[in-house]
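Residue indices begin at 1 and follow the sequence shown.
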Amino acid sequence: MARSSQVPAAILLLTAGVLLARHVGEVFCSGARPMVRGRSVSSLALQAEAGESGDRVLLKVLSPEGAGISQSCSEVILPSASGQLGVLAGHAPMMSALDIGVLRYKQAGVWKPLVVMGGFASIDSNTLSVLVNDWETADGIEMDQAKSNMDEATRLLEKSDSKKDKLDATQMVKKAAARLQAAMFMTGSKK
């Protein structure tokens with residue numbers, strides 16, 4: 001008796017799997033674009049750049065000292081602990097840990113970098129709140145100084161012996177690399 005009730009369940013499961021595979025195949029093989037609220041993601045970004053309200057993300061960056069920025073932008077790319085994370089208007093509510101790196105946001109068609117020193121990001125209702133240990137605008141970073149800081153941090157990492165020294169040196173390398181990346185980004189965008 002138990003065997004006859006397992007057969008219909010197995011057939012149902014197999015049928016559901018086939019239908020799911022067919023749907024996934026149609027989506028990926030048809031060239032369909034990802035959709036948010038019935039519109040393609042690329043059209044959302046273009047409309048946000050055109051200044052249409054409702055398709056913008058309010059970016060708020062705050063540090064423990066209370067210093068911060070608040071900007072309306074069309075796209076944001078975060079240096080999350082698991083890789084880069086892109087945020088557009090209509091993004092699902094979520095939280096993410098941030099690593100040391102460069103946060104980029106697009107405003108009036110121009111990407112602008114911020115160096116963030118780790119923290120957390122939360123998005124809800126088109127508001128992206130970024131709480132960081134510290135942050136720095138790329139305008140105040142000199143390329144030569146950033147290069148020398150990177151060289152010094154790398155040298156310290158190579159010379160470190162204890163686990164604590166290696167951990168401290170690794171953090172220094174991450175900070176120096178983020179500052180150098182932001183400075184290079186600004187140099188490239190001025191051309």
Original post:
Of the non-hydrogen atoms in Ala121 and Leu78, which two are nearest, and what is the gap between them?
Top reply: CB-CD1, 3.8 Å
Original post:
Does some side-chain heavy atom of Asn126 sit less than 4.5 Å from a side-chain heavy atom of Leu58?
Top reply: no
Subject >> 4.5 Å side-chain heavy-atom contact, Tyr105 and Leu114 >> reply: yes
**OP:** Nearest 0.5 Å please: distance from the CD atom of Glu142 over to the CZ atom of Arg179.
**Re:** 9.0 Å
Subject >> pair Ser74-Arg56: side-chain heavy atoms closer than 4.5 Å >> reply: yes
**OP:** Would you give the length of the straight line joining atom CD1 of Ile69 to atom NZ of Lys60, rounded to the nearest 0.5 angstrom?
**Re:** 12.0 Å
Original post:
Can you check whether Asp124 reaches His91 side chain to side chain, under 4.5 Å on heavy atoms?
Top reply: no
Original post:
Salt bridge between Asp151 and Arg155, side-chain N to carboxylate O under 4.0 Å?
Top reply: no
**OP:** Apply side-chain contact (heavy atoms from CB on, under 4.5 Å) to the pair Gln145 and Asn149, showing each step before the final yes or no.
**Re:** CA-CA 6 Å; Gln145 182 65 38; Asn149 289 350; 2.9 Å; yes
**OP:** Mind running side-chain contact (heavy atoms from CB on, under 4.5 Å) on Leu180 and Lys147 for me, showing each step along the way?
**Re:** CA-CA 6 Å; Leu180 181 59; Lys147 284 181 183 177; 3.7 Å; yes
**OP:** Give a yes or no on whether Trp135 and Val87 share a hydrophobic cluster (residues Ile, Leu, Val, Met, Phe, Trp, Tyr; joining criterion: side-chain heavy atoms under 4.5 Å apart).
**Re:** yes
**OP:** Could you pull out the closest heavy-atom pair between Pro113 and Ala138, with the gap in Å?
**Re:** CG-CB, 3.5 Å
Original post:
Are side-chain heavy atoms of Glu158 and Thr154 found at a separation under 4.5 Å?
Top reply: yes
**OP:** Could you grab the distance from atom CG of Leu128 to atom CD of Glu75, nearest 0.5 Å is fine?
**Re:** 13.0 Å
Original post:
If Ile, Leu, Val, Met, Phe, Trp and Tyr residues are connected whenever their side-chain heavy atoms lie under 4.5 Å apart, and connections chain through other members, are Val102 and Val61 in the same group?
Top reply: no
Original post:
According to a 4.5 Å side-chain heavy-atom criterion applied to Ile, Leu, Val, Met, Phe, Trp and Tyr, with indirect links allowed, do Val57 and Val130 form part of one hydrophobic cluster?
Top reply: yes
Original post:
What is the distance from atom CD of Gln181 to atom CZ of Arg104, rounded to the nearest 0.5 Å?
Top reply: 6.5 Å
Original post:
Heavy-atom distance under 4.5 Å between the side chains of Pro79 and Leu103, does that happen here?
Top reply: yes
Subject >> Leu85 to Met94 - nearest heavy-atom pair and separation >> reply: CD2-CE, 3.6 Å
Original post:
Rounded to the nearest 0.5 Å, how far does SG of Cys73 lie from CG of Leu88?
Top reply: 10.0 Å
Original post:
Mind checking whether Ile141 and Met117 sit in one hydrophobic cluster, side chains of I, L, V, M, F, W, Y counted as touching below 4.5 Å?
Top reply: yes
Original post:
Transitively linked via ILVMFWY side-chain contacts under 4.5 Å: Met184 with Val173?
Top reply: yes
Subject >> Met172 CE to Met150 CE distance, which is reported to the nearest 0.5 Å >> reply: 11.0 Å
Subject >> Atom of Asn133, atom of Ser63 and distance for their closest heavy-atom approach >> reply: O-CB, 4.3 Å
